[in-house]
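For reference, the structure discussed in these notes is given below.
The analysis underlying the following values was restricted to heavy atoms, covering all of them including side chains, and did not include hydrogens, waters or symmetry mates. Counting begins at 1 with the first residue of the sequence.
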Amino acid sequence: FDYIEGGYPLSNEKDVAFFEQVRRLSLRHATVAAFGMTRRKGISASNDEGMLALLRSEAEVCTIVGKTWDFHVRDVLRVSLEENL
């Protein structure tokens, strides 16, 4: 495998422990990735706990999911299209 998706480091203590322990492994081929979301509304990325958890995971790769459909942005996230960018 090229990538191992290790979870969302803010979701629970098991995921936090995984990222702490996987740093000690000598993986020769696979790269560990952390999974997260875009910043929460009204908070800068530098102050968002989810984004900070991705940084603290020290994963070489972070995968970030975000909403792109304007319906989801307005009606689910309840943010403007401009803020969602």
Side-chain angles (χ1 to χ4, degrees):
F1 293 100
D2 294 325
Y3 293 93
I4 300 169
E5 197 270 291
Y8 180 37
L10 189 65
S11 69
N12 61 65
E13 291 301 315
K14 285 184 180 179
D15 283 8
V16 172
F18 170 82
F19 286 105
E20 290 172 354
Q21 293 174 17
V22 78
R23 283 184 220 132
R24 296 185 212 121
L25 299 177
S26 298
L27 299 175
R28 292 182 297 187
H29 181 77
T31 300
V32 174
F35 174 82
M37 296 172 275
T38 56
R39 66 170 178 81
R40 292 173 291 152
K41 86 174 176 181
I43 298 175
S44 67
S46 62
N47 290 315
D48 183 81
E49 280 303 312
M51 299 296 264
L52 294 171
L54 291 173
L55 291 173
R56 286 191 300 265
S57 77
E58 297 183 30
E60 290 185 47
V61 173
C62 293
T63 58
I64 299 175
V65 65
K67 303 284 188 202
T68 58
W69 184 18
D70 59 353
F71 171 77
H72 283 157
V73 173
R74 284 191 315 266
D75 297 340
V76 176
L77 297 177
R78 299 182 192 265
V79 299
S80 69
L81 296 175
E82 293 77 25
E83 182 175 4
N84 191 55
L85 292 177

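Between F35 and Y8, the shortest heavy-atom contact is O-CD1, 2.9 Å. What you find for L52 and S46 is that their closest heavy atoms are CD2-O, 3.6 Å. D15 and P9 get closest at one heavy-atom pair: CB-CA, 4.2 Å.
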_Is there a side chain to side chain contact (heavy atoms under 4.5 Å, CB included) between F1 and H29? Walk through the geometry before answering._
CA-CA 8 Å; F1 293 100; H29 181 77; 5.9 Å; no
*Run the salt bridge (Lys or Arg N to Asp or Glu O under 4.0 Å) check on E83 and R78 step by step: do they pass?*
CA-CA 10 Å; E83 182 175 4; R78 299 182 192 265; over 6 Å; no
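For the atom pair CE (M51) and CZ (R39), the distance works out to 8.5 Å, reported to the nearest 0.5 Å. One finds the CG atom of N84 at 10.0 Å from the NZ atom of K67 (value rounded to the nearest 0.5 Å). Taken from CD1 in I4 to CZ in F18, the straight-line distance is 6.5 Å, to the nearest 0.5 Å. The line from SG of C62 to CG of L55 is 7.0 Å long, rounded to the nearest 0.5 Å. In this structure, L27 CG and E60 CD are separated by 8.5 Å, a value rounded to the nearest 0.5 Å. In this structure, the separation between CD1 on I64 and OG1 on T38 is 8.0 Å, given to the nearest 0.5 Å.
Between F71 and W69, the ring planes lie tilted relative to each other; the angle falls in the 30° to 60° range.
Tested against K41, the residues D48, V73, V79, L77 include a single side-chain contact (heavy atoms from CB on, under 4.5 Å) partner, V79.
No side-chain donor-acceptor contact under 3.5 Å links D2 to the backbone of T31.
One finds a salt bridge joining E49 and R56 here, because a Lys/Arg side-chain nitrogen approaches an Asp/Glu carboxylate oxygen to under 4.0 Å.
Cluster membership for L54 and V16, using ILVMFWY side-chain heavy atoms within less than 4.5 angstrom, is not shared.
The shortest side-chain heavy-atom distance between V32 and F19 falls under the 4.5 Å cut-off.
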